[in-house]
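Everything on this sheet refers to the single structure shown next.
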Amino acid sequence: MMEQVIPSRIDVSQSPYDLTTFWGRVKHYAWVTDPRLTIVSTKELEASKDLLEKYRKGQENPDVTTAQVRRAQQLYLSAYHPDSGELQNVCGRMSFQMPGGMVLIGAMITFYKSNTAIIFWQWANQSFNALVNYTNSNATTEVNTKRLATAYVSATSSALVVALGLKKYLST
């Protein structure tokens, strides 16, 4: 059975979930950060952006369905920066944070016996976190390189001190 063509316009600037409720916000966040969205092709992401732009202007194909518009909205929100509208780096997208973090956490748990491994995996984890934070940062605020470097070095150093300190403390 075919889905019905859109009977009335939907507001694509609004979430399909009620953001005034806790569960509505949870559902919206899960919808936008679904890890499966990281494997969507750039071609499909660009087509989604194009559909949304046409839909906002009322120039979409007449047989476009609500489901197609909502899927385009989901893909756009998951891959394009909300301030700049630019396509984000795949590894910096919020939808990649869970699978990327799982790999890193698994490696940190597995390779904990040598100080070299601890240093490498803590550095990799902090670098990944910095990439995600940078990719999703406010694009309307100018980035201060010195401040960014200070935050990165501080976070990485703190993680190393804690990890190496705990290793030494717990091994005695």
Side-chain angles (χ1 to χ4, degrees), residues 13-46 48-49 52 70-172:
S13 68
Q14 299 295 314
S15 173
Y17 302 100
D18 181 2
L19 299 182
T20 64
T21 68
F22 173 77
W23 287 114
R25 291 187 297 275
V26 168
K27 289 176 185 176
H28 174 81
Y29 187 75
W31 183 61
V32 172
T33 62
D34 183 340
R36 295 172 294 181
L37 300 175
T38 60
I39 59 173
V40 173
S41 71
T42 302
K43 183 178 178 181
E44 189 176 350
L45 293 172
E46 290 171 354
S48 294
K49 181 179 180 179
L52 281 181
R70 286 298 188 194
R71 174 68 175 171
Q73 181 186 20
Q74 178 188 31
L75 291 175
Y76 181 84
L77 291 173
S78 77
Y80 289 89
H81 195 281
D83 296 331
S84 68
E86 292 179 18
L87 185 60
Q88 296 175 316
N89 174 319
V90 172
C91 295
R93 295 179 195 161
M94 292 304 293
S95 57
F96 187 76
Q97 188 166 20
M98 189 270 292
M102 281 178 48
V103 169
L104 289 165
I105 291 168
M108 287 189 290
I109 291 170
T110 304
F111 306 108
Y112 65 91
K113 292 186 179 180
S114 76
N115 287 345
T116 305
I118 289 173
I119 291 168
F120 174 77
W121 289 111
Q122 288 294 328
W123 167 80
N125 184 52
Q126 290 304 318
S127 296
F128 174 67
N129 291 336
L131 174 65
V132 171
N133 289 332
Y134 179 77
T135 301
N136 294 283
S137 66
N138 185 339
T140 60
T141 303
E142 190 174 322
V143 178
N144 179 326
T145 307
K146 183 179 178 185
R147 192 170 176 190
L148 213 66
T150 301
Y152 174 74
V153 169
S154 298
T156 304
S157 300
S158 298
L160 289 172
V161 166
V162 169
L164 293 170
L166 282 173
K167 179 182 182 272
K168 182 173 176 137
Y169 176 76
L170 294 174
S171 66
T172 56

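- Pairs engaging residues 80-95 under the side-chain hydrogen bond (donor to acceptor under 3.5 Å, both in side chains) rule: Gln88-Asn136 [sequence neighbours left out].
- Atom CD of residue Gln73 and atom OG of residue Ser78 lie 11.0 Å apart, to the nearest 0.5 angstrom.
- Here OG of Ser48 is found 13.5 Å from CZ of Arg70. Values are rounded to the nearest 0.5 Å.
- For the atom pair Glu44 CD and Ile39 CD1, the distance stands at 10.0 Å (nearest 0.5 Å).
- Here the SG-CZ distance, from Cys91 to Phe96, works out to 4.0 Å after rounding to the nearest 0.5 Å.
- Residues forming a side chain to side chain contact (heavy atoms under 4.5 Å, CB included) with Thr20 (at least two apart in sequence, or on another chain): Asp18.
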Q: Any chance you could lay out the side-chain contact (heavy atoms from CB on, under 4.5 Å) test for Tyr152 and Ser127, step after step, and finish with the verdict?
A: CA-CA 8 Å; Tyr152 174 74; Ser127 296; 2.6 Å; yes
Q: Go through the steps to decide whether Val40 and Arg71 satisfy the test side-chain contact (heavy atoms from CB on, under 4.5 Å), and finish with yes or no.
A: CA-CA 12 Å; Val40 173; Arg71 174 68 175 171; 3.9 Å; yes
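- At a threshold of 4.5 Å between non-hydrogen side-chain atoms, the residues Gln97 and Thr33 do not count as touching.
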Q: Could you walk me through whether Val162 and Gln122 pass side-chain contact (heavy atoms from CB on, under 4.5 Å), step by step?
A: CA-CA 10 Å; Val162 169; Gln122 288 294 328; over 6 Å; no
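- Screening residues 22-37 for salt bridge (charged side-chain N to carboxylate O under 4.0 Å, His left out) gives Asp34-Arg36 as the qualifying pairs, with residues at least two apart or on separate chains.
- A side-chain hydrogen bond (donor to acceptor under 3.5 Å, both in side chains) check over residues 153-164, counting only residues at least two apart or in different chains, returns nothing.
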Donor-acceptor contacts under 3.5 Å from residues 103-118 side chains, at least two apart:
from   : atom 1 : to     : atom 2 : distance (Å)
Thr110 : OG1    : Gly106 : O      : 2.7
Ser114 : OG     : Ala117 : N      : 3.0
Asn115 : OD1    : Lys167 : NZ     : 3.4

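- Atom CG in Leu87 sits 10.0 Å away from atom OH in Tyr76 (nearest 0.5 Å).
- In this structure, Ile119 and Leu164 have side chains that are in contact, with non-hydrogen atoms separated by less than 4.5 Å.
- Qualifying ring-ring contact (aromatic ring centres under 6.0 Å, His included) partners for Tyr134, counting only residues two or more places apart in sequence or in other chains: none.
- Put simply, OG1 on Thr135 and CE on Met94 are 10.5 Å apart, with the number rounded to the nearest 0.5 Å.
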